[in-house]
Amino acid sequence: MLLYNVTLILEDSVAEEWLQWMQEVHIPQVMGTGMFVSHRLLKVVDSPNEGVTYCAQYVVDNLSLYNEYQDKYAPELQAELNERYKNRFVAYRTLMEFVG
């Protein structure tokens, strides 16, 4: 199993709106692809960055499903995020493997 982690650092002015959009729209869209088995959304409480930092995490069974998500669904979903919050966030995406 793999963990797809998206860390976002948002401007304070859009953080509350973004959180609501993530919970009501974006995460349901990602989970609706059928590629992931679970998800969680976390707020970083000790971030050294300005703004508000969140981590959206999605668990996927294997690399093949992750690659399918990246090929078929990620470009459109990421484009929507970029359009809605253009120049008001920075995102870092990481794929991790469970080891224990």
Side-chain angles (χ1 to χ4, degrees):
M1 294 185 71
L2 302 166
L3 178 74
Y4 175 45
N5 182 81
V6 184
T7 300
L8 296 105
I9 305 167
L10 299 137
E11 290 182 1
D12 290 323
S13 63
V14 297
E16 190 173 314
E17 175 192 326
W18 175 89
L19 180 59
Q20 182 176 358
W21 175 78
M22 279 293 285
Q23 293 172 321
E24 295 176 2
V25 178
H26 188 75
I27 290 174
Q29 288 175 330
V30 172
M31 294 306 294
T33 66
M35 301 291 108
F36 299 100
V37 297
S38 66
H39 75 279
R40 74 181 114 202
L41 183 60
L42 304 106
K43 183 177 182 181
V44 178
V45 295
D46 65 348
S47 176
N49 303 302
E50 285 188 31
V52 183
T53 303
Y54 286 95
C55 295
Q57 299 182 336
Y58 306 94
V59 176
V60 61
D61 280 332
N62 58 57
L63 187 58
S64 178
L65 289 171
Y66 170 78
N67 287 333
E68 184 177 347
Y69 171 78
Q70 288 298 327
D71 291 342
K72 284 186 178 179
Y73 304 104
E76 183 178 334
L77 291 167
Q78 290 175 12
E80 185 178 354
L81 170 69
N82 291 333
E83 185 177 313
R84 270 187 90 87
Y85 299 102
K86 186 176 185 171
N87 299 322
R88 295 183 286 176
F89 77 97
V90 176
Y92 303 94
R93 294 170 175 86
T94 311
L95 183 63
M96 296 174 266
E97 183 176 30
F98 288 92
V99 294

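Basis for what follows: all heavy atoms, side chains included, without hydrogens, waters or symmetry-related copies.
The shortest distance between side-chain heavy atoms of Leu10 and Leu19 does not fall below 4.5 Å. Contact of the Tyr73 side chain with the Val30 side chain is not registered, since no non-hydrogen atoms from C-beta on lie closer than 4.5 Å. Counting heavy atoms from C-beta outward, Trp18 and Val52 have side chains that stay 4.5 Å or more apart. Put simply, the side chain of Asn5 does not reach to within 4.5 Å of the side chain of Tyr92, judged on heavy atoms. Using a 4.5 Å heavy-atom threshold, the side chains of Leu95 and Tyr66 count as touching. Taking the side chain as every heavy atom from C-beta outward, Gln29 and Glu80 approach each other to under 4.5 Å. Taking 4.5 Å as the limit, some side-chain heavy atom of Gln70 sits within range of a side-chain heavy atom of Gln78.
Interatomic distance, CD1 of Ile9 versus CZ of Phe89, reported as 11.0 Å (0.5 Å rounding). One finds the CD atom of Gln57 at 7.5 Å from the OG1 atom of Thr7 (value rounded to the nearest 0.5 Å). The distance from atom CG of Asn62 to atom CD of Glu68, rounded to the nearest 0.5 Å, is 9.5 Å. Taking CG of Leu42 as the start and OH of Tyr54 as the end, the distance is 10.5 Å to the nearest 0.5 Å. Interatomic distance, Thr53 OG1 to Glu50 CD, rounded to the nearest 0.5 Å: 10.5 Å.
Val44 approaches Cys55 most closely through the heavy-atom pair CG2-SG, 4.0 Å. Here the closest non-hydrogen pair linking Ala56 and Met22 is CB-CE, 3.8 Å. Nearest heavy-atom pair, Val59 versus Met1, reported as atom, atom and distance to 0.1 Å: CG1-CE, 3.1 Å.
Heavy-atom neighbours of Arg93 CZ from other residues, nucleotides or ligands within 6.0 Å: above the threshold of 12. Annotation for Glu16: atom CD does not count as buried by contact number, only 12 or fewer foreign heavy atoms lying within 6.0 Å.
Hydrophobic clustering (ILVMFWY, side-chain heavy atoms < 4.5 Å, transitive): Tyr69 and Leu65 are in one cluster. Note on Met96 and Leu2: separate hydrophobic clusters, where clusters join Ile, Leu, Val, Met, Phe, Trp and Tyr whose side-chain heavy atoms are under 4.5 Å apart, directly or indirectly. Both Leu63 and Tyr58 are assigned to one and the same hydrophobic cluster, defined by single-linkage of ILVMFWY side chains at heavy-atom distances under 4.5 Å.
A side-chain contact (heavy atoms from CB on, under 4.5 Å) with His26 is found for one member of Leu41, Val6, Leu77 and no other, namely Leu77.
Phe36 and Tyr4 have parallel rings, their planes meeting at less than 30° on a 0 to 90° scale where 60° marks the start of perpendicular.
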Practice item. Given side chain to side chain donor-acceptor pair (under 3.5 Å), test Glu17 with Tyr85 step by step and report yes or no. Key: CA-CA 10 Å; Glu17 175 192 326; Tyr85 299 102; 3.2 Å; yes

